[in-house]
Each structure stands twice: as structure tokens, then as C-alpha cells.
Amino acid sequence: MPAGAGRRGLPQGRHLCWLLCAFTLRLCQAEAPVREEKLSVSTSNLPCWLVEEFVLAEECAPCSNFQAKTTPECGSTGYVEKITCSSSKRSEFKSCRSALMEQHLFWKFEGTVIGVALVFACLVIVRQRQLDRKALEKVRKQIESI
């Protein structure tokens with residue numbers, strides 16, 4: 001049979017793969033129907049620091065037990081700062097991230113990375129010793145069979 005003769009095109013598995021890719025691409029390109037009506041956003045419901053300039057009244061500090069229960073801004077990070085909005089003169093609390101908290105998270109991450117690295121280093125050493133023993137046994141068997 002000459003070269004290139006025989007089955008033409010893609011093998012059956014690849015046809016299926018291309019079909020799935022095309023279908024997925026078609027789904028990704030499909031757009032959701034766009035509603036023409038526009039929703040008006042009331043700025044009175046938004047915190048003032050999102051829509052106007054503000055001045056920091058109190059630095060970022062951990063929430064007290066009372067604040068944690070009563071202030072929703074304490075829920076996400078556990079730290080809040082008090083701000084005063086310039087034009088409306090409203091005082092509000094704003095969630096913030098403490099430098100101390102960031103430092104603790106960083107060192108937890110570093111410790112985890114080092115721990116995982118040590119575990120895998122030990123696994124590599126153990127596996128290398130197993131492979132070395134197997135190689136020595138093969139060499140020993142070859143020498144004995146001679």
C-alpha cells in the first residue's frame with residue numbers, strides 16, 4: 001500500500017474532540033439577551049466614601065466585640081477605620097486591612113510553602129533511595145549471572 005493511502009482525515013477520537021471544541025466555542029460566543037431598561041442606582045444607599053471624597057478620622061484598628069456584632073463592615077476583615085465624607089459631613093465605618101494582619105497572613109503562607117517543600121523534598125529523597133536500591137540489585141544480578 002503506497003504512503004498516504006488508506007484512511008483519510010482525522011481518527012474518530014479527534015473528530016469527537018473537534019466537535020466538542022466547536023460546540024464549547026459556540027456556547028462561549030452566545031450572548032445573553034440584553035435588557036433595554038436601565039436601572040437607576042440611588043447614591044443614598046451607597047456608602048458616602050464610594051461617591052465622594054473622604055478624610056480618615058481614625059486609623060485602621062481591630063473591631064471590638066460590640067462592633068463585630070453591630071457593624072457589618074467588621075465582618076469581612078475584622079478591622080475598621082472611621083472616615084468622614086467631605087461634602088456630606090457623614091461619619092461612617094469602612095472595612096480595611098491591617099498591616100499586622102497582612103504580615104501574619106504572609107508568614108502563614110511562607111510557613112505553609114516551606115512545610116510543603118520539606119515534605120516533597122523528603123519524598124524525593126525516599127524515592128531516590130528506592131530507585132538506587134533497585135538499580136544496585138539489577139547490577140548485582142547481572143554480575144552474578146556472568
Next item on the list: Determine yes or no for a side-chain-to-main-chain donor-acceptor pair under 3.5 angstrom, with T71 supplying the side chain and E73 the backbone.
Entry: no
Next item on the list: Please round to the nearest 0.5 Å and tell me the distance separating atom SG of C48 and atom NZ of K94.
Entry: 10.5 Å
Next item on the list: Please tell me if the side chains of C96 and T77 come closer than 4.5 Å, counting only heavy atoms from C-beta onward.
Entry: no
Check: For the hydrophobic clusters of this structure (ILVMFWY residues joined by side-chain heavy atoms under 4.5 Å, transitively), does one cluster hold both F120 and I114?
Finding: no
Next item on the list: Given side chain to side chain contact (heavy atoms under 4.5 Å, CB included), test E102 with F106 step by step and report yes or no.
Entry: CA-CA 6 Å; E102 291 291 328; F106 172 77; over 6 Å; no
Checklist line | Between CZ on residue F54 and OG on residue S88, distance to nearest 0.5 Å | finding: 12.0 Å
Notebook entry, point to check: Would the number of heavy atoms belonging to other residues, nucleotides or ligands and lying under 6.0 Å from CG of N65 be above 12?
Noted result: no
Note to self: Are L56 and V51 connected into the same hydrophobic cluster when the rule is that any two of I, L, V, M, F, W, Y join if their side-chain heavy atoms are below 4.5 Å apart?
What the structure shows: yes
Next item on the list: Tell me yes or no: between the side chains of R127 and Q130, is some donor less than 3.5 Å from an acceptor?
Entry: yes
Notebook entry, point to check: Between the main-chain N or O of S87 and the side-chain N or O of E52, is there a donor-acceptor pair closer than 3.5 Å?
Noted result: yes
Margin query: As a test of understanding, state which of I125, D132, V126 forms a side-chain contact (heavy atoms from CB on, under 4.5 Å) with Q128.
Written below: D132
Notebook entry, point to check: Is E110 atom CD crowded by more than 12 heavy atoms from other residues, nucleotides or ligands, each under 6.0 Å away?
Noted result: yes
Checklist line | V113 reachable from L118 in the ILVMFWY side-chain graph, under 4.5 Å edges | finding: no
Check: When rounded to the nearest 0.5 angstrom, what distance separates CZ in F93 from CD in E58?
Finding: 6.5 Å
Checklist line | Minimum heavy-atom distance C63-V80, with the two atoms named | finding: SG-CG1, 3.7 Å
Notebook entry, point to check: Is there a donor-acceptor contact under 3.5 Å from the side chain of E92 to the main chain of W49?
Noted result: no
Margin query: Using 0.5 Å steps for rounding, measure from the CG atom of L136 to the CG atom of L131.
Written below: 11.0 Å
Next item on the list: Determine, step by step, whether R97 and C60 satisfy the side chain to side chain contact (heavy atoms under 4.5 Å, CB included) criterion, reporting the C-alpha distance in whole Å, the side-chain angles of both residues, the deciding distance to 0.1 Å, and the verdict.
Entry: CA-CA 7 Å; R97 296 185 69 86; C60 189; over 6 Å; no
